[in-house]
**Student:** 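Below is one structure. I have some questions about it.
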Amino acid sequence: MKNKTYLYAFFLIITLGFVAYLDSPISIINRSISYSAEQPILSEPVSVQPSDKTEIIKKLESAEKDNGYIIETYREYEIKRDKNGKITEEIPTSITETLKYYDYKLN
């Protein structure tokens, strides 16, 4: 009985070792795959011109502390820019977000 248990354990270890080898980057089936980041990244410079389109940004509207929590409220704003990229108009929207997180500085 002990010999069968050792034999099963031996075959299990051999099988797991073989599967680990096949999964590794040095195995026969993975030799054509590159796992390193040594390949150059191709990028092209692009000139971007500001447009008259509106952007949406979020600004902090209020921050308060309540029972060990910090509650921050953000409001979305539509921002319009001119051709030079300067802000011409800032319009608040009705969309707000509230974040609540624990203040770890208390402990």
**Student:** When rounded to the nearest 0.5 angstrom, what distance separates CG in Asn67 from OH in Tyr102?
**Tutor:**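 Result: 10.5 Å between the selected atoms.
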**Student:** Quick one: do Leu99 and Leu60 end up in the same hydrophobic cluster if we chain Ile, Leu, Val, Met, Phe, Trp and Tyr together by side-chain heavy atoms under 4.5 Å apart?
**Tutor:**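 As far as the 4.5 Å side-chain criterion goes, Leu60 and Leu99 are connected within one cluster.
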**Student:** Is the closest basic N to carboxylate O distance between Glu90 and Lys59 below 4.0 Å?
**Tutor:**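 The answer is yes: the pair qualifies as a salt bridge.
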**Student:** Flag the pair Ile91 / Lys80 as yes when at least one side-chain heavy-atom distance between them is below 4.5 Å, and no otherwise.
**Tutor:**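 Yes, their side chains come closer than 4.5 Å.
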**Student:** For Arg81 and Thr88, which heavy atoms make the closest approach, and how far apart are they?
**Tutor:**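 Smallest interatomic distance, heavy atoms only, reads N-OG1, 4.0 Å.
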**Student:** Using links of under 4.5 Å between side-chain heavy atoms of ILVMFWY residues, direct or through other members, which residues join Leu12 in one cluster?
**Tutor:**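 Its cluster partners, ordered by chain and number, are Leu16.
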**Student:** If the condition is side-chain hydrogen bond (donor to acceptor under 3.5 Å, both in side chains), which residues does Tyr101 pass it with, not counting sequence neighbours?
**Tutor:**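 Glu72.
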**Student:** Could you tell me which residues satisfy salt bridge (Lys or Arg N to Asp or Glu O under 4.0 Å) with Glu61, sequence neighbours excluded, listed by chain and number?
**Tutor:**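 Glu61 satisfies salt bridge (Lys or Arg N to Asp or Glu O under 4.0 Å) with Arg75 only.
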**Student:** Not counting sequence neighbours, which residues clear side-chain hydrogen bond (donor to acceptor under 3.5 Å, both in side chains) with Glu76? List them please.
**Tutor:**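 Counting only residues at least two positions away or on another chain, Glu76 forms no side-chain hydrogen bond (donor to acceptor under 3.5 Å, both in side chains).
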**Student:** Can you list the residues that meet the side-chain contact (heavy atoms from CB on, under 4.5 Å) rule with Ser94, with sequence neighbours excluded?
**Tutor:**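 Scan of Ser94 (side-chain contact (heavy atoms from CB on, under 4.5 Å), adjacent residues dropped) gives none.
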**Student:** Which Ile, Leu, Val, Met, Phe, Trp or Tyr residues join Ile57 in one cluster when any pair of side-chain heavy atoms under 4.5 Å counts as a link?
**Tutor:**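 Ile57 shares its hydrophobic cluster with Tyr77, Ile79, Ile87.
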**Student:** Identify, with sequence neighbours excluded, every residue that meets side-chain hydrogen bond (donor to acceptor under 3.5 Å, both in side chains) alongside Glu97.
**Tutor:**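 Glu97: side-chain hydrogen bond (donor to acceptor under 3.5 Å, both in side chains) contacts with Lys58.
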**Student:** With a 6.0 Å cut-off on ring centres, are Tyr6 and Tyr8 close enough?
**Tutor:**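 No, the ring centres sit 6.0 Å or more apart.
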**Student:** Holding to side-chain contact (heavy atoms from CB on, under 4.5 Å), I want the full list of residues that pass it with Lys86, two or more places apart in sequence or in another chain.
**Tutor:**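 side-chain contact (heavy atoms from CB on, under 4.5 Å) check on Lys86 returns Asp82.
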